[in-house]
Amino acid sequence: MTATTTAIDAVAALAELAPIGADGTRGGWSRHLLDEADRDMRAWFERTASSLGLAVETDANANQWATWAPDGATGPAVATGSHLDSVPGGGPLDGPLGVVSAFAAVARLQADGHAPARPIRVANFAEEEGARFGVPCLGSQLLAGELGSDRVRALTDATGVTCAAVLEAGGIDPAGIGRDAARLADMALYLELHVEQGRQLAPLDAPVGIATSILAHGRWRVTVTGRGDHAGATELASRHDPMMVAAATVRAARGRALAAAPPTRSRATVGKLQVIPGGSNAIASEVRLWIDARAEHDADVRDLVARIVADAEAAARAEGCSVTVAEESFSARVEFDPALADRVGDALAPGFGAVPRIPTGAGHDAGVLAAHLPTAMLFVRNPDGVSHSPHEGASEADIRAGVDALTAALRALTSGDAR
Ligand code: HGY
Ligand code: MN
Ligand code: MN
């Protein structure tokens with residue numbers, strides 16, 4: 001497809017996306033796999049890619065791809081991009097900043113008359129947050145062959161709709177999900193730009209950073225079963241209240257993480273909790289809660305969760321309740337490719353000087369791909385570090401600096417002598 005010279009301003013593009021999935025109840029944005037907001041984001045992806053003359057496709061795992069392959073661009077692509085879905089009530093940049101910046105960088109390279117030696121491919125990975133079906137990086141994990149297809153097809157959302165049904169309704173054949181070896185092989189490397197999550201760049205007075213590692217992390221669903229009863233008529237001594245066990249579990253998550261930190265950089269969170277039946281004048285019969293646990297190494301996470309679960313089981317015994325725990329996802333610690341990080345750092349040096357190398361506690365599709373191909377991440381400074389919240393932000397100057405950095409990196413990574 002012929003190159004065009006459509007300029008894309010990342011700040012303006014983010015403003016164009018702002019109305020999509022704006023959550024009037026929670027604040028922030030809620031965009032989840034193939035729901036109405038996600039479909040609108042995907043339509044924007046297609047429009048923007050087409051405006052740049054990129055070839056657009058959706059793969060068997062619901063990931064979107066837009067490829068710039070002018071004459072002379074041969075071999076596996078240099079891939080970039082991120083995700084367009086969000087956590088419930090999330091911020092405006094987590095995901096979209098990477099996709100918007102990728103399109104802006106391609107537009108800049110086209111306008112500069114850059115002749116890439118490799119195709120440049122922009123990705124929108126499906127369901128990175130796992131907010132609809134509970135498994136993070138769903139699209140990239142499927143692509144990489146890291147999830148069982150039958151399990152994924154059977155995943156259900158909060159309304160009980162299966163992932164298979166949602167994919168089918170979105171035009172994706174659920175029978176076709178799974179490892180896509182050809183598409184993996186058609187990527188020489190992957191470079192993801194993302195808003196910083198946590199506050200490391202501001203103290204360093206740096207607008208951008210390069211990732212070194214991702215904490216190991218996982219999600220566990222805890223189901224506590226007790227005996228539903230009347231809040232007023234039931235004596236305290238005869239209660240079997242699952243909420244008491246849930247409360248003990250929430251406190252154990254913080255307590256055990258504090259006891260393990262700081263050498264393990266452990267952290268555990270319960271951010272999602274469901275009470276059944278949920279009446280204000282009824283003792284619950286069941287409480288479901290989800291533990292998000294993270295730490296420096298895989299074994300640290302598993303040790304942390306084992307301790308929290310032991311506390312939950314002790315609390316259940318004391319309250320005459322039962323508890324079951326199911327692991328919903330586990331992502332091993334990621335070490336990004338040092339050589340690629342150095343190539344990115346070298347490309348940024350003229351414009352940014354020495355770019356800080358920083359670890360992250362947040363998972364990313366880049367973390368999934370890192371086990372399969374050279375992968376790196378660029379972070380854009382987040383002044384107060386807040387993310388997974390409507391208060392997530394970055395300055396316009398830093399958003400534009402991120403595009404400058406990604407443009408410089410993609411130019412270097414697709415120059416004639418870079419293979
Ligand atoms: O949960 C995470 O770390 C990522 O935002 N999915
Ligand atoms: Mn996120
Ligand atoms: Mn993200």
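Order of listing sets the numbers, starting from 1, for every ligand and every atom in it. All values derive from a computational prediction rather than experimental measurement.
Rounded to 10°, the angle formed at the Mn ion (ligand 3) by Asp94 OD1 and His194 NE2 is 80°.
Note on Asp38 versus Arg132: no salt bridge recorded, every NZ/NE/NH1/NH2 to OD/OE distance being 4.0 Å or above. The pair Asp205-Arg381 meets the salt-bridge criterion, since a charged nitrogen lies less than 4.0 angstrom from a carboxylate oxygen. No salt bridge links Arg317 with Glu313; every basic N to acidic carboxylate O contact stays at or beyond 4.0 Å. Salt-bridge annotation for Asp303 and Arg307: present, with a side-chain N of the basic residue lying under 4.0 Å from a carboxylate O of the acidic one. Here Arg153 pairs with Asp150 in a salt bridge; the nearest charged N to carboxylate O distance falls below 4.0 Å.
Every atom of ligand 1 is numbered from 1 in the order shown, and the set under 4.0 Å from a heavy atom of Ala362 is 3 (O). Near Glu129, meaning under 4.0 Å from any of its heavy atoms, are these atoms of ligand 1: 4 (C), 5 (O), 6 (N). Close contacts of ligand 1 with Glu128, meaning ligand atoms under 4.0 Å from a residue heavy atom, involve 4 (C), 6 (N).
Using cut-offs of 30° and 60° on the angle between ring planes, the pair Phe330 and Trp220 is perpendicular. The aromatic rings of His364 and Phe379 sit tilted, their planes meeting at an angle between 30° and 60°.
For the Mn ion (ligand 2), the N/O/S atoms of His364 include none lying under 2.8 Å. Among the backbone and side-chain atoms of Glu128, none of the N, O or S atoms lies under 2.8 Å from the Mn ion (ligand 2).
With a 4.0 Å cut-off on non-hydrogen atoms, His217 does not touch ligand 1 at all.
Checked options Leu191, Leu54, Val106, Leu413; the residue passing with Ile120 is Val106 (criterion: side chain to side chain contact (heavy atoms under 4.5 Å, CB included)).
Between the Mn ion (ligand 2) and the N, O or S atoms of His388, the shortest distance is to NE2. Distances from the Mn ion (ligand 2) to each N, O or S atom of Glu129 single out OE2 as the nearest.
Polar contact with ligand 1: absent for Gly361 (N/O pair, distance under 3.5 Å).
Of all protein heavy atoms, the one lying nearest to atom 5 (O) of ligand 1 is His388 NE2, 2.9 Å. Looking only at heavy atoms of the protein, atom 4 (C) of ligand 1 is closest to Gly363 O, 3.3 Å.
Proximity of Arg294 to ligand 1 is established by a heavy-atom distance of less than 4.0 Å.
Remark: Arg357 is not positioned above the aromatic ring of Phe336, lacking an NZ or CZ atom under 6.0 angstrom from the ring centre and at most 45 degrees off the axis.
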